[in-house]
Amino acid sequence: MISSAIVCGRPCARRRRRHTFPMRIPFLFLITLLAGCATTPPTDLRPRAAGDDARPVVDEAWRSAPVDGGELDSLAAWPTPDGATWLLVTDKHSDTLRVLDADTGATLRTVGGPGTTPGRFDRPNGIAVYGDLAFVVERDNRRVQVLSLPDFAPRLVFGTPELRSPYGIWLHEAAPGVLEVYVTDSFMDPPAHTGVPAFDTLDERVRRYRVTLDEADALSARLIGSFGATTPDRALRIVESIAGDPAYDRLLIADEDTRHGATLRDYRLDGRPRRTSLAADTFAGEPEGIALWPCTMDAGYWIAADQQRPRTVFHLFDRKTLAPAGRFTGAVAAQTDGIALYAGATSRFPHGALFAVHDDRAVVAFDLGKVAAAARLDRHCVD
């Protein structure tokens with residue numbers, strides 16, 4: 001549900017440049033650039049003391065105009081060639097992508113509409129951006145579309161026939177011109193999105209694809225595997241959001257089944273589950289959007305939305321250990337689905353921003369500098 005593009009913090013952001021897919025800087029190198037932005041060596045990130053239940057309120061920097069009848073789901077940020085930043089939002093009700101100005105929340109345009117042809121959508125859910133490509137997951141068309149930016153021209157469709165009820169997406173560059181794409185597939189039994197299938201069928205909860213761009217600028221995709229634990233203690237029952245961190249060989253996958261302890265499941269990039277687990281009572285609601293906040297080469301935080309009323313709780317976890325590192329709420333943000341973190345400087349957000357869906361019909365933005373101050377996070381996240 002998040003953009004996989006990582007941009008340097010404030011000092012480096014002034015030198016940023018846009019890269020197309022074949023020129024894209026590898027993820028680990030981008031993390032190295034982040035480390036180069038720090039003026040002093042990083043300090044260890046330490047969990048909060050036991051019993052520290054502080055939940056500071058961080059005021060939203062803006063809230064977009066509500067979309068009547070909207071069903072907004074997932075977000076991804078994209079730096080435009082002219083220096084602006086777009087926020088791409090999937091709308092499941094209207095079968096469109098909404099393009100917002102990331103600095104103001106103003107709607108710039110809408111893209112798509114109902115249909116099955118390339119460029120049209122049927123219940124778009126997850127979205128991710130890499131270089132000048134947007135990857136959009138469609139639950140009811142059972143596919144992933146790849147669109148070029150900024151014109152949203154269709155470039156590739158993949159995922160059929162194996163995808164049955166796809167939701168979330170995360171991707172990273174495995175080699176020059178090669179992306180590995182992970183798509184959650186929350187097929188249910190019966191297919192009414194209520195009953196969890198038999199455990200022995202849950203080894204296909206996440207589909208893994210390899211997308212390549214050849215010398216003729218043509219895209220292609222192939223399925224390279226599926227995975228998911230099949231034991232009751234670690235099975236992926238109801239899955240949507242997924243995000244990863246190649247620096248620690250980690251995938252975090254949100255299991256939203258509150259009947260069996262909704263949580264984030266910890267996997268390796270090759271699909272093997274880890275035994276790492278969060279405290280049983282971490283999430284009071286459904287764990288929804290997940291985003292990585294890399295502050296240096298090897299330090300930072302995970303942010304996960306705990307979908308609640310009257311306000312969503314945003315949990316922070318240590319990047320390496322997943323130890324609790326704090327939590328906060330907004331002044332208004334509630335019932336959050338997707339989130340996206342943009343670590344680069346913009347004209348409105350010199351330290352970057354966290355974007356979150358609010359109550360299905362709007363989007364809010366948080367200044368990462370204010371989040372770091374309120375939650376008492378490592379200063380290298382905003383230096």
Side-chain angles (χ1 to χ4, degrees), residues 1-2 4 6 27-28 31 44-48 126 128 167-172 174 180-186 196 199 202-208 224-307 313-327 338-341:
M1 286 187 164
I2 66 171
S4 56
I6 305 296
F27 183 93
L28 291 177
I31 300 300
D44 290 338
L45 300 177
R46 302 188 183 279
R48 286 186 173 251
Y167 277 86
I169 185 170
W170 178 75
L171 51 85
H172 74 108
E180 287 201 356
V181 181
Y182 298 80
V183 181
T184 57
D185 199 358
S186 203
V196 176
F199 288 129
L202 299 183
D203 58 354
E204 296 182 334
R205 266 302 190 234
V206 181
R207 306 286 189 175
R208 187 179 174 193
I224 59 174
S226 304
F227 61 86
T230 58
T231 57
D233 59 327
R234 288 187 287 171
L236 296 170
R237 289 175 167 83
I238 301 177
V239 294
E240 289 194 24
S241 299
I242 183 171
D245 184 1
Y248 287 105
D249 188 28
R250 169 169 283 145
L251 286 170
L252 289 185
I253 305 168
D255 188 335
E256 299 183 2
D257 193 346
T258 56
R259 297 166 296 185
H260 297 277
T263 190
L264 302 182
R265 301 292 183 187
D266 188 8
Y267 276 69
R268 294 178 174 85
L269 296 183
D270 63 7
R272 291 178 295 158
R274 286 191 173 96
R275 294 193 175 275
T276 309
S277 61
L278 305 178
D281 60 350
T282 298
F283 293 93
E286 295 181 358
E288 291 284 351
I290 312 168
L292 176 64
W293 187 357
C295 302
T296 69
M297 181 172 63
D298 57 3
Y301 301 94
W302 287 98
I303 301 179
D306 190 348
Q307 188 183 68
V313 176
F314 297 93
H315 295 275
L316 296 128
F317 305 97
D318 178 79
R319 179 182 179 183
K320 180 179 179 180
T321 67
L322 299 184
R327 54 185 180 169
I339 65 174
L341 188 143

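It should be emphasised that the depicted structure is a prediction, and the values quoted were computed from it without experimental measurement. The figures that follow rest on heavy atoms only: side chains count, while hydrogens, waters and symmetry mates do not.
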Practice problem: Return the minimal non-hydrogen interatomic distance between L251 and G244, and the atom names on each side. | Solution: CD2-CA, 4.0 Å

Self-check item: Non-hydrogen atoms of W170 and L269 that approach each other most closely
Solution: CZ3-CD2, 3.9 Å

Quiz item: Looking at R205 and L236, what are the two nearest heavy atoms and their distance?
Solution: NE-O, 2.9 Å

Quiz item: Is there a donor-acceptor pair closer than 3.5 Å between any side-chain N or O of Y248 and the backbone N or O of D298?
Solution: yes

Exercise. Please tell me if the side chains of D266 and L252 come closer than 4.5 Å, counting only heavy atoms from C-beta onward.
Key: yes

Self-check item: V313 side chain reached by H315 side chain, heavy atoms, under 4.5 Å
Solution: yes

Quiz item: Is there a side-chain contact between E288 and I339, using heavy atoms and a 4.5 Å cut-off?
Solution: no

Self-check item: pair Y267-V206: side-chain heavy atoms closer than 4.5 Å
Solution: no

Practice problem: Over 60° means perpendicular and under 30° means parallel, so classify the ring planes of Y182 and F227, tilted if in between. | Solution: perpendicular

Quiz item: Considering residues at least two apart in sequence or located in another chain, which fulfil the side-chain contact (heavy atoms from CB on, under 4.5 Å) criterion with D270?
Solution: R208, R268, R272

Exercise. Could you list the residues that satisfy side chain to side chain donor-acceptor pair (under 3.5 Å) with D233, not counting sequence neighbours?
Key: T231

Exercise. Please lay out, stage by stage, how D255 and H260 fare under the test side-chain contact (heavy atoms from CB on, under 4.5 Å).
Key: CA-CA 9 Å; D255 188 335; H260 297 277; over 6 Å; no

Exercise. Only counting residues at least two apart or in another chain, list the ones meeting side-chain contact (heavy atoms from CB on, under 4.5 Å) with D203.
Key: T230

Quiz item: Atom CZ of R207 and atom CD1 of I224: how far apart are they, to the nearest 0.5 Å?
Solution: 13.0 Å

Exercise. Report yes if the side chains of R250 and R274 come closer than 4.5 Å at any heavy-atom pair, otherwise no.
Key: yes

Self-check item: Side-chain touch I290/W302, heavy atoms, less than 4.5 angstrom
Solution: yes

Quiz item: Taking side chain as C-beta onward, heavy atoms only, is P294 less than 4.5 Å from R319?
Solution: yes

Quiz item: When you measure from the side chain of D306 to the backbone N and O of A284, does any donor-acceptor pair fall under 3.5 Å?
Solution: yes

Quiz item: Where is the tightest heavy-atom contact between P287 and E256, given as atom of each residue plus distance?
Solution: O-CG, 3.4 Å

Self-check item: Approximate separation, where rounding is to 0.5 Å, of D281 CG and T263 OG1
Solution: 10.0 Å

Practice problem: Evaluate the side-chain proximity of R259 to V196: yes if any heavy-atom separation is below 4.5 Å, no if none is. | Solution: yes

Quiz item: Which heavy atom in L341 sits nearest to a heavy atom in L292, and how many Å separate them?
Solution: CD2-O, 3.9 Å

Quiz item: Does R237 reach the main-chain N or O of P232 with its side chain, forming a donor-acceptor pair under 3.5 Å?
Solution: yes

Practice problem: Could you label the plane-to-plane angle of the F283 and F317 rings as parallel, tilted or perpendicular, counting under 30° as parallel and over 60° as perpendicular? | Solution: tilted

Exercise. Provide the closest heavy-atom pair for A229 versus P273 in the form atom of the first, atom of the second, distance.
Key: CB-CG, 4.4 Å

